[in-house]
Structures are given as C-alpha cells and as structure tokens.
Enquirer: 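First the structure, which I've put down as structure tokens, then a few questions once you've had a look.
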Amino acid sequence: MEVNITTLADVSLLQISGRIDSSSAPDLGTIFENLQHEKRYRLIVEMSDVEYINSAGLRELVEALKQCKTEGGNVRILTPSEKVYDVLDLSGLTTIFDIYRNEADAVASF
Amino acid sequence: MAEQRQLNLPGFYNRIPAFVNFAGEAARAAGFNDQEVFHCQLAIDEACTNIIEHAYAGEEGGDIEIICSIESGTCIFTLIDKGPVQFEPQKITPYNQSEVADQIEPGGIGVHLIRQTMDSVQYKFSDKQNELTLIKYHHATTLPTDLEIEISEIEPDIWCIKPIGRLDSNLTGKLDTVLQEMFSNNIVNYVIDFSRVSYISSRGLKTLINARLSTHEANGKLALCNLSSRSLSVFEISGLDQVFMISDSCLNAIQHIVVKQ
C-alpha cells in the first residue's frame, strides 16, 4: 500500500494505491491519526488504484469517518475501484460514505 | 472428478496473502468470474484473520490448513486450525449496518463479509481442531434482457436465448442485435428455445442461418429446441431440419452441445 497526501487549503487528499489488508491497514490507521493530530478533518480518499481491500481496511475508513464527523468534518471517497465499491456495497457502507466520481466535485462538497 | 488442492502455513498476518492467492487460483480453476474470484479471496482472507485473532489469540499460535475441492462451478474450502479457542461467530459483536456513521460498530464486519460472499458457511468443532467449511457456487450471469428475449447462462459457457412472440421482422431485428452482442462477448455456444415462439418468418430463418454460420466459424455450437409442429414444418419444408441441431427439450439441446464439444 502507498499513500500520497496532498493538502488543498482546508481539505486533504489521500491517494491510496495497492493492497489494503490486515498487514497494511494499521499503517493507514496511523496516517488517519496523524491527520487528526494536525486537526485536518476534511478528507478525500482517492481509491482508483486500490487493488484489494478487506474488513481491516474498511474499519480504518469507518473509524476515520466517525472521528472526522465528531469534529465537523467528513471523509469522502473519490473514484473507488470496482473492488472497493463492491466491498463497500457488501457492507452496506455506500450510504454512509459520500462517493464522488471527480475530484472537483469532491473538493467543492466541503 | 473433483480436484483437491491444499495449503498449510503458519498463522501469521503476513502469510494471509499466500492464502488469498491460493483461493484466487482455485476459484479461477472452477471457472468463476472476476467478482466471484475476488469474493473467494475476501472470504478466505477474513476467515484466516479470524483464526489468527480468535482461535490462536494472536500470531505464532499455530498453522492454518486450507483444503479446496474444485469442480466446475463449485469451490469448497475447508479451513482447519488447532487453536485452543473455539471461534464462534455468534459470539462476535454482530456488525450493525446503520444509516448513521456514529452507530456503526465495524467489529463483526469480517464475518458479515464471509456470509455475504459465500453460499454456505459451516463451523465444526472437535477437541482436536476447528473446521470452517465455505462453499461458493458460480452463479449464472444474465445479459441485459430485452423484455421480448430472455437470455440466461444455463450451463458454464452455454447460454439459452428465448424469444417470446412472433419471430417476425420486429422481433428478429432484436434477436439479431442480441446475437451480435453475444458474439462480440465470445459467447458461441447457445440454445435457442422456441417454446414461446408462435411463428417464424423467412427473415427469422435467415437470422438463424447466419447465427449457425458464425458459431460454426468460431468453433461454437448452436442448437434449437422446443419447436412447435408449425415451426418445425417450416424447417422441414426448407430442408433446414438437416442443418440445425433440433431437440425436443432444452436439456437434450444442451446434451447435443456438450457432446459435440
């Protein structure tokens, strides 16, 4: 798993690629925690190059969403890959996360 | 004949990708589509994670053994661990799907995903070992169906096309489109079921002859079934009953295709 973080004014864009599984999910959790410490609560997670995700990855996304929401922010998902969307759908999370198909819309949503 | 595969590795998180690959290869060998392959990988991933977390209470607890029995369209995965703790999925906080983010407890999401992706989930415990059996079937995919033409995959790689109504120029035009779409998707083995066809025009015959030619060229097979006596006589008069494989039932038509392969 690789994560690139870009800061756009008060929104942070995380571009994740590779596999989010039990081995890499804790690293993603750490990245989310660091963003919390920096008081960055408006996050866009771009997931078009995520090849694989399991429940460990979903858990980190849900935890980040809960944290950000309590601080008045949000976690929005941008261009999920087919597998990411499938897993979100199987878990009933497509109604919890706002999913965007293009970056400009996702940024403008905040 | 079912094929058996087996993989035995120590229960470490960094070994899970090897189990996931094993599941993916088995699923592909069973003829599953990409999504079904992914669902097998996901279920095995979640099941192995649960074994490490719960049965062995952490890494270094012991081995995980997976046996997979593969038949065309079916995978049966059996996961065996020797953990002292019996993993009882009902004891895990059930995953509560909610419309509200704050209320989501993602704890039991792994078990939820296993149940969502597999057709059957069974646990068996003895004093020696815990056994989890997961069964996944290949589900026939259905092409976008025209209201007047039903399309379904009735056997792996064998499709059934069922036009409903009079095979006049209107319905024949739709049938042409469907057949072209199937051909471009490399679907070359199919049965055309005439049970709901009340009439066939010369244009309908022409479409069938073209379909016969293109499937033949692609080494595929086309069979017709359930023709009414009226439709059958149209074929007989034109001598086309000698050209097409014509069966009295869908099942026999499939047999024709399978035998010819």
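None of the values given here were measured: they were computed from a predicted structure. Throughout, protein chains are lettered first and strands after them, A, B, ... in sequence-line order, and every chain is numbered starting at 1. Heavy atoms only: backbone and side chains are in, while hydrogens, waters and symmetry mates are out.
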Enquirer: Is the number of heavy atoms from other residues, nucleotides or ligands within 6.0 Å of CD (A:E2) greater than 12?
Expert: no

Enquirer: Look up atom OG1 in B:T49 and atom CG in A:D21, then write down how far apart they are to the nearest 0.5 Å.
Expert: 8.5 Å

Enquirer: Can you tell me how far apart OG (A:S22) and CZ (B:R15) are? Round to the nearest 0.5 Å.
Expert: 15.0 Å

Enquirer: Search all heavy atoms of B:F38 against all heavy atoms of A:I53 and return the closest pair with its distance.
Expert: CZ-O, 4.1 Å

Enquirer: Between B:E46 and A:N54, is there a donor-acceptor pair closer than 3.5 Å when you use the side chain of the first and the backbone of the second?
Expert: no

Enquirer: Counting only heavy atoms closer than 4.5 Å, note whether B:L42 contacts chain A via side chain, backbone, both or neither.
Expert: both

Enquirer: If you draw a 6.0 Å radius around CG in B:D119, do more than 12 non-hydrogen atoms from other residues or ligands fall strictly inside?
Expert: yes

Enquirer: How close do A:R59 and B:G110 get, counting heavy atoms only, and between which atoms?
Expert: NH2-N, 4.5 Å

Enquirer: Roughly how far apart are B:Y13 OH and A:S23 OG, rounded to 0.5 Å?
Expert: 9.5 Å

Enquirer: Enter the distance from B:L113:CG to A:S55:OG here, rounded to the nearest 0.5 Å.
Expert: 6.0 Å

Enquirer: Counting only non-hydrogen atoms closer than 4.5 Å, can you tell me which residues of residues 80-100 of chain A sit against chain B?
Expert: A:K83, A:D86, A:V87, A:L90, A:S91, A:G92, A:L93, A:T95, A:I96

Enquirer: Sequence neighbours left out, what pairs pass ring-ring contact (aromatic ring centres under 6.0 Å, His included) with at least one residue falling in residues 23-43 of chain A?
Expert: none

